[in-house]
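Beneath this line is the structure, given in structure tokens, with notes to follow.
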Amino acid sequence: MANSGEDAHHGSGHRARLRTRLLSGGAEALGDHEVVEYLLMTAIPRRDVKPLAKSLIARFGGLAGLFNADSAALAKHPGMGETSAAAFKIVALAARRMARAGVQETPVLSSWQALLDYLTIDMAHLKHERVRVLYLDTKNRLVSDELVSEGTLDEAAIHPRTVVKQALDLGAAGLILVHNHPSGSPEPSRADVQITNRIAEAGRLLGIAVLDHVIIGKEGHVSLKSRGLI
């Protein structure tokens with residue numbers, strides 16, 4: 001039977017091997033559970049965290065679900081705690097900020113994939129609907145990214161004239177509506193199309209272009225503009 005010194009030596013050797021693969025390898029150098037395991041090592045330095053990493057992956061359904069999980073749920077998971085939960089949230093925050101920087105630095109319509117990456121990271125795995133409006137200037141650069149509702153996309157939550165008036169207040173020339181479908185499927189509903197067209201109509205009256213409405217889900221995204229629904 002191995003003694004505690006041998007266990008510690010084995011653990012340090014395993015960590016060193018993971019570190020070497022991380023630093024010298026490419027994007028696929030570590031498996032998903034190893035990414036989680038290595039992150040946990042920084043928060044829980046003197047424990048075998050491989051079983052914990054695998055249990056987190058199983059519970060939250062992969063890396064995306066894990067990094068987008070509720071902080072309280074993470075902290076209460078057996079073997080976790082606030083320090084470990086914070087390690088995951090800071091990585092998720094960094095990923096969002098990196099993705100947002102890619103959107104802010106170039107015209108949105110010419111960096112469409114960067115926009116989709118940003119929106120997917122931020123919204124695809126939410127358990128509730130989130131409605132946002134991206135306001136753009138005359139060169140299609142992002143002026144403001146505003147959360148307008150944490151709930152269903154309808155006129156009770158988002159008023160067409162209010163959305164357009166905010167564009168005027170910001171000096172924006174156009175806007176892109178964005179919301180997510182917690183069901184996973186990004187297919188637009190009749191209500192999605194109706195509210196989009198009401199906002200577009202209000203925009204036309206005040207000279208603000210509604211350039212698109214993007215629906216995000218775990219299964220992908222849909223652009224109402226590309227579907228000919230705007």
Side-chain angles (χ1 to χ4, degrees), residues 11 14-15 18-19 22-23 27-104 114-134 142 144-154 156-158 176-186 214-221:
H14 174 63
R15 293 180 182 213
L18 280 184
R19 182 171 62 248
L22 174 65
L23 295 176
E28 305 304 320
L30 301 181
D32 285 0
H33 77 277
E34 291 174 320
V35 171
V36 175
E37 183 183 356
Y38 197 88
L39 182 59
L40 286 169
M41 288 175 185
T42 66
I44 310 172
R46 288 177 294 278
R47 198 175 94 202
D48 177 11
V49 291
K50 183 184 291 186
L52 177 55
K54 290 184 175 180
S55 72
L56 286 165
I57 289 284
R59 176 179 175 183
F60 293 102
L63 285 182
L66 177 55
F67 283 106
N68 284 281
D70 177 73
S71 299
L74 283 174
K76 291 178 182 177
H77 184 84
M80 290 286 284
E82 288 189 352
T83 300
S84 301
F88 287 99
K89 300 316 289 185
I90 195 63
V91 171
L93 176 62
R96 285 185 173 87
R97 291 196 178 175
M98 288 174 64
R100 186 174 63 192
V103 173
Q104 291 174 324
L115 175 65
L116 293 176
D117 290 344
Y118 167 47
L119 296 174
T120 298
I121 288 171
D122 192 62
M123 302 176 74
H125 295 271
L126 292 174
K127 302 299 184 184
H128 62 280
E129 282 199 22
R130 172 175 290 171
V131 184
R132 290 159 60 183
V133 181
L134 310 181
L142 188 64
S144 182
D145 173 0
E146 303 206 359
L147 174 65
V148 296
S149 174
E150 293 275 8
T152 304
L153 177 67
D154 58 33
I158 176 170
I176 296 174
L177 297 162
V178 184
H179 87 284
N180 65 300
H181 281 176
S183 66
S185 170
V214 180
I215 302 173
I216 301 290
K218 285 184 285 187
E219 298 171 13
H221 73 278

Distance check, rounded to the nearest 0.5 Å: [X] atom [atom1] versus [Y] atom [atom2]?
| X | Y | atom1 | atom2 | value |
| --- | --- | --- | --- | --- |
| F88 | H77 | CZ | NE2 | 9.5 Å |
| L74 | L66 | CG | CG | 6.0 Å |
| L52 | L40 | CG | CG | 5.0 Å |
| L30 | Y38 | CG | OH | 9.0 Å |
| N180 | K218 | CG | NZ | 10.5 Å |
| D145 | L115 | CG | CG | 9.0 Å |

What closest approach, in Å, do [X] and [Y] show between heavy atoms, and which atom pair accounts for it?
| X | Y | result |
| --- | --- | --- |
| G79 | I44 | O-CD1, 3.9 Å |
| L56 | V36 | CD1-CG1, 4.1 Å |
| H33 | A53 | O-CB, 3.5 Å |
| A85 | A75 | CB-N, 3.8 Å |

| Hey, mind stepping through N68 and F60 against side chain to side chain contact (heavy atoms under 4.5 Å, CB included) and telling me if it holds? | CA-CA 9 Å; N68 284 281; F60 293 102; over 6 Å; no
| message | Run the salt bridge (charged side-chain N to carboxylate O under 4.0 Å, His left out) test against D122 and tell me which residues pass, sequence neighbours left out. | response |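 Residues passing salt bridge (charged side-chain N to carboxylate O under 4.0 Å, His left out) with D122: R96, R130, R132.
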| For E34, all residues meeting salt bridge (charged side-chain N to carboxylate O under 4.0 Å, His left out), sequence neighbours excluded |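 Salt bridge (charged side-chain N to carboxylate O under 4.0 Å, His left out) check on E34 returns R21.
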| Distance only, no hydrogens: is a donor on one side chain within 3.5 Å (strictly under) of an acceptor on the other, for T120 and H221? |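 H221 and T120 do not have a side-chain donor-acceptor pair below 3.5 Å.
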| said: Could you walk me through whether E129 and H181 satisfy the side chain to side chain contact (heavy atoms under 4.5 Å, CB included) test, starting with their C-alpha distance in whole Å, then the side-chain angles of each, then the deciding distance to 0.1 Å, before giving a yes or no? | reply: CA-CA 6 Å; E129 282 199 22; H181 281 176; 4.2 Å; yes
| message | Main chain of G81, side chain of S84: is a donor-acceptor contact present, judged purely on distance under 3.5 Å? | response |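 Not confirmed, S84 side chain does not pair with G81 backbone.
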| query | Under 3.5 Å, side chain of K127 to main-chain N/O of A69, donor-acceptor pair present? | reply |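 A pair under 3.5 Å: no.
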| query | Who are the side-chain contact (heavy atoms from CB on, under 4.5 Å) partners of A86, not counting sequence neighbours? | reply |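 Partners of A86 under the side-chain contact (heavy atoms from CB on, under 4.5 Å) test: none.
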| task | Compare all side-chain heavy atoms of F67 with those of I121 and state whether any distance is below 4.5 angstrom. | result |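 Side-chain contact under 4.5 Å: no.
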| field | Any side-chain heavy-atom pair of V131 and L177 under 4.5 Å | value |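 They are not in contact (no side-chain heavy atoms under 4.5 Å apart), so the answer is no.
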| request: Inspect the surroundings of CD in E82 and state if more than 12 heavy atoms from other residues, nucleotides or ligands are less than 6.0 Å away. | output: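 No, the 6.0 Å shell around CD holds no more than 12 heavy atoms from other groups.
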